[in-house]
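So the structure is just underneath, and the comments pick up after that.
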Amino acid sequence: MVDVATNLSNIQENIRQACANANRSPEDIRLIAVTKYVTIERTKEAINAGIDNLGENRNEGFLEKYNEIQNQVNWHFIGSLQSRKVKDIINQVDFIHSLDRKSLAKEINKRATHPVNCFVQVNVSGEESKHGISPDEVISFIKSLSGYENINIVGLMTMAPHVEDPEDVRSVFKKLRDLRDEITKKELPHAPCEWLSMGMSNDYHIAIEEGATHVRIGSKLVG
């Protein structure tokens, strides 16, 4: 297995190239190492290589790693979150990337002891296998959260279809960016919505060219 530092160096070079193509600064990109399939040892290797943002998609996996690593990093919960499990993780995670329904928002708001940074998950591609709100419901959903003092909508998240040619999903990322821009213009106090969590191992360079601020990379970074 290739060491994480080597993978990280390659990915950082790709990020620099994608930013150059889009006239952006690499400083604007937050790289999240998705550690859901790897051991605590491999996760610690990533931290030692300079990774300071980790993503987990299951409560059990998150808590196992959190108990070992604590607050050495920023923790991102990137998987579908069941309302009944919110209480187990809500005051340990720094970001939730999968807010997609009112019942989940209510539970987060009730259980959190401080405002939680949340991305609203949007099903841009319309695939039935994917979670997320349909694009035409996002603005009304975000507006409906204005009274939830423990929810801060920092951005939108999407998962693009897995395709042979990453160029085929460019339109998905562009749609999410356009939607983000529309929300930002509304200047909602509870929803600055500045960020875009989009792009994974096979398509992050395209996502960055289309405005991603947070890319979630697992297999090409940590395996």
Hey, are the side chains of V122 and V124 touching, using non-hydrogen atoms and a 4.5 Å cut-off? yes

Hey, does V222 have a side-chain heavy atom less than 4.5 Å from the side chain of T43? no

Consider only side-chain heavy atoms of I, L, V, M, F, W and Y, link residues closer than 4.5 Å, and tell whether L81 and I151 are in one cluster. yes

Stepwise salt bridge (Lys or Arg N to Asp or Glu O under 4.0 Å) test for E182 and R177: CA-CA 9 Å; E182 196 179 337; R177 185 189 73 216; over 6 Å; no

Looking at CD of E210 and CD1 of I208, how far apart are the two atoms once the value is rounded to the nearest 0.5 Å? 11.5 Å

Heavy-atom check, side chain of N123 versus side chain of T158, under 4.5 Å: no

Would you call K36 and E56 a salt bridge, using N to O less than 4.0 angstrom? no

Looking just at side-chain N and O atoms, do D94 and H76 make a donor-acceptor pair shorter than 3.5 Å? no

Single-linkage hydrophobic cluster L196~I153, side-chain heavy atoms < 4.5 angstrom: yes

Kindly indicate whether the side chain of N57, heavy atoms from C-beta on, has any atom under 4.5 Å from the side chain of V34. no

Any heavy-atom pair between the side chains of I47 and D52 that's under 4.5 Å? no

Crowded around K130 NZ? As in, over 12 foreign heavy atoms under 6.0 Å? yes

Does a sphere of radius 6.0 Å around CD in E187 hold more than 12 heavy atoms from other residues, nucleotides or ligands, not counting ones at 6.0 Å or beyond? no

Apart from I32 itself, what residues make up its hydrophobic cluster, given side-chain heavy atom links below 4.5 Å? none

Are more than 12 heavy atoms from other residues, nucleotides or ligands located less than 6.0 Å from atom NE2 of H190? yes

Would you say that more than 12 heavy atoms from the other residues, nucleotides or ligands in this model lie under 6.0 Å from the CG of N23, or not? no

So, R216 and S197: side-chain donor and acceptor under 3.5 Å apart, yes or no? yes

Near M157 CE, under 6.0 Å, is it more than 12 heavy atoms from other residues, nucleotides or ligands? yes

Before accepting this row, confirm whether a basic side-chain N of the pair E68/K65 lies closer than 4.0 Å to the acidic partner's carboxylate O. no

In terms of heavy-atom contacts, N202 and K220 come closest through CA-NZ, 4.4 Å

If you define the side chain from C-beta out and look only at heavy atoms, does anything of I133 sit under 4.5 Å from V120? yes

Measuring only between side-chain heavy atoms, which start at C-beta, is L104 closer than 4.5 Å to R101? yes

Between S25 and E27, do the side chains contain a donor N or O and an acceptor N or O under 3.5 Å apart? no

Quick check: does any side chain N or O of R180 sit under 3.5 Å from a backbone N or O of G211, one acting as donor and the other as acceptor? no

Looking only at the aromatic ring of each residue, does the gap between the centers of W75 and F62 stay below 6.0 angstrom? yes

Is it true that H214 and F119 have ring centroids separated by less than 6.0 Å? yes

Are side-chain N/O atoms of S80 and S98 paired as donor and acceptor at under 3.5 Å? no

Quick one: CZ on R30 to CD1 on I15, what's the gap to the nearest 0.5 Å? 13.0 Å

Do other residues, nucleotides or ligands put more than 12 heavy atoms under 6.0 Å from the CD atom of E164? no

According to a 4.5 Å side-chain heavy-atom criterion applied to Ile, Leu, Val, Met, Phe, Trp and Tyr, with indirect links allowed, do L221 and V38 form part of one hydrophobic cluster? yes

Can you find a heavy atom in the side chain of L99 that is under 4.5 Å from one in the side chain of F141? yes

If you measure from the Lys or Arg side-chain nitrogens to the Asp or Glu carboxylate oxygens, is any gap between R84 and E107 under 4.0 Å? no

Salt-bridge present (D181, K185; N to O < 4.0 Å): no

